[in-house]
Amino acid sequence: MTIERRNGIFLIVLSAVAFGWMPIFGRWAFDSGINTQGLLLIRFTLAGLVMLMIMLIRRAPWPRGRTLLGLIGMGGVAYVGQAFCYFSALRHGSAALAALLLYVYPVLVTLACAWWWKEKLSIYTMIALGLACFSLMLTIGPANGQWLGIVFGLSAAVVYSAYIIAGSRLSRSVGALPAATVVMLSAAGSLWLSTLWSEPTWPTTTASWSATVAIALISTVVAIFAFLAGLDYLSASEAATLSTLEPVVSVLLAALILGEHLSIVQWLGGVGILLAALLIALVPAIPITE
């Protein structure tokens, strides 16, 4: 294994671990009475300012024209919507369940690409889709009062799928760093605009502030930059495959730190969802021949 490949693996794993801590930080942040709007305001404002400084230091070019408008829409609408659904899922369900439900998004992206762009699906991809659907039913299992969390978790996966599909077309022309910076700043701007009709609540304890800032700096800035840096050494499919470590980290941390436990059936469902995501990442789409 070359040094470059080893560095790439380390960076993508670091990104997955940083993202994996987010539901844990989120549960800690909510302990002091902060609402979702306040948490997201802090997250995207801090992350956007840090990324803006990096953009200025590196003198990276800014997106322009329709691409800029598209990225602003992605951040101000899609990413805010996904984040709102995800953290709402944390408030109404377990951290482990929220993390696993979000990882339905590779299945949704695959289905959307097959429908809109007429991508042909291999037999392995179709098996993965079937496995994911069956596993999703196992993971949800008995709701145990978490139906609202399940709805928000699945909604986060749907919105995130739309975000990824749009972003895959827009970020190619401007680069991942400028695209991510515009998305973060746009999300912050959208959330500050929302304060005109809805008042956010802020953390009231040092622990809650620390957890909220950790979401912004560790589970957003570090996670995003580690992933982007890892892509310099690994292919997108390899990075996507390693990123399936993210929900595993979340589930294990939820059990060890928060004391959450999944049933055996839910564990089987969660493993099935991750296997489906791995299979989709490893098997490329069949090219369309005219």
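This one's a predicted model, so the numbers in the text were calculated from it and none came from an experiment. When reading the values below, keep in mind they use all heavy atoms of this one structure, side chains included, and skip hydrogens, waters and symmetry mates.
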Practice prompt. Any chance you could measure I12, atom CD1, to N7, atom CG, to the nearest 0.5 Å?
Written response: 11.5 Å

Practice prompt. Measure from the ring center of Y160 to the ring center of Y86 and say whether it is less than 6.0 Å.
Written response: no

Item to complete: Mind listing the closest non-hydrogen atom pair of A18 and V222 along with its distance?
Response: CB-CG1, 4.5 Å

Practice prompt. Any chance you could measure H92, atom NE2, to I150, atom CD1, to the nearest 0.5 Å?
Written response: 13.0 Å

Item to complete: Output the distance between atom OH (Y79) and atom CG (L40), rounded to the nearest 0.5 Å.
Response: 10.0 Å

Worksheet item: Sub-3.5 Å donor-acceptor pair from the side chain of S208 to the main-chain atoms of T204, do we have one?
Response: no

Item to complete: Measure centre to centre between the rings of Y105 and Y103, then say whether the value is under 6.0 Å.
Response: yes

Discussion item. For the residue pair T212 / W202, report whether a side-chain donor-acceptor contact shorter than 3.5 Å exists.
Written reply: no

Practice prompt. Please report the shortest heavy-atom distance between V159 and Q82, naming the atom on each side.
Written response: CG1-N, 3.5 Å

Response to the item:
So CD1 of I34 and CH2 of W28: to nearest 0.5 Å the spacing works out to 15.5 Å

Discussion item. A side-chain contact here means heavy atoms from C-beta on lying under 4.5 Å apart; do R6 and Y233 qualify?
Written reply: no

Discussion item. Please tell me whether L49 and W62 are part of a single hydrophobic cluster in this structure, the criterion being side-chain heavy atoms less than 4.5 Å apart.
Written reply: no

Fill in: Same apolar cluster (I L V M F W Y, side chains within < 4.5 Å links), V213/I218
yes

Discussion item. Show the nearest heavy-atom pair for residues A157 and L102, with the distance to one decimal.
Written reply: CB-O, 3.8 Å

Donor-acceptor contacts under 3.5 Å from residues 242-258 side chains, at least two apart:
residue	atom	partner	partner atom	Å
S243	OG	A239	O	2.8
T244	OG1	T241	O	2.5
S250	OG	G20	O	2.8
S250	OG	E246	O	3.3

Worksheet item: Considering only heavy atoms from C-beta outward, does the side chain of E199 approach that of N35 to under 4.5 Å?
Response: no

Discussion item. Using every non-hydrogen atom in the two residues, find where S190 and G76 come nearest and quote the distance to one decimal.
Written reply: OG-O, 2.8 Å

Discussion item. Could you walk me through whether T36 and F152 satisfy the side chain to side chain contact (heavy atoms under 4.5 Å, CB included) test, starting with their C-alpha distance in whole Å, then the side-chain angles of each, then the deciding distance to 0.1 Å, before giving a yes or no?
Written reply: CA-CA 13 Å; T36 303; F152 276 121; over 6 Å; no

Item to complete: Taking the side chain as every heavy atom from C-beta outward, state whether L279 and L131 have any atom pair closer than 4.5 Å.
Response: no

Worksheet, complete the sentence: One should read off an interatomic distance between F225 CZ and L11 CG, to the nearest 0.5 angstrom, of 12.5 Å

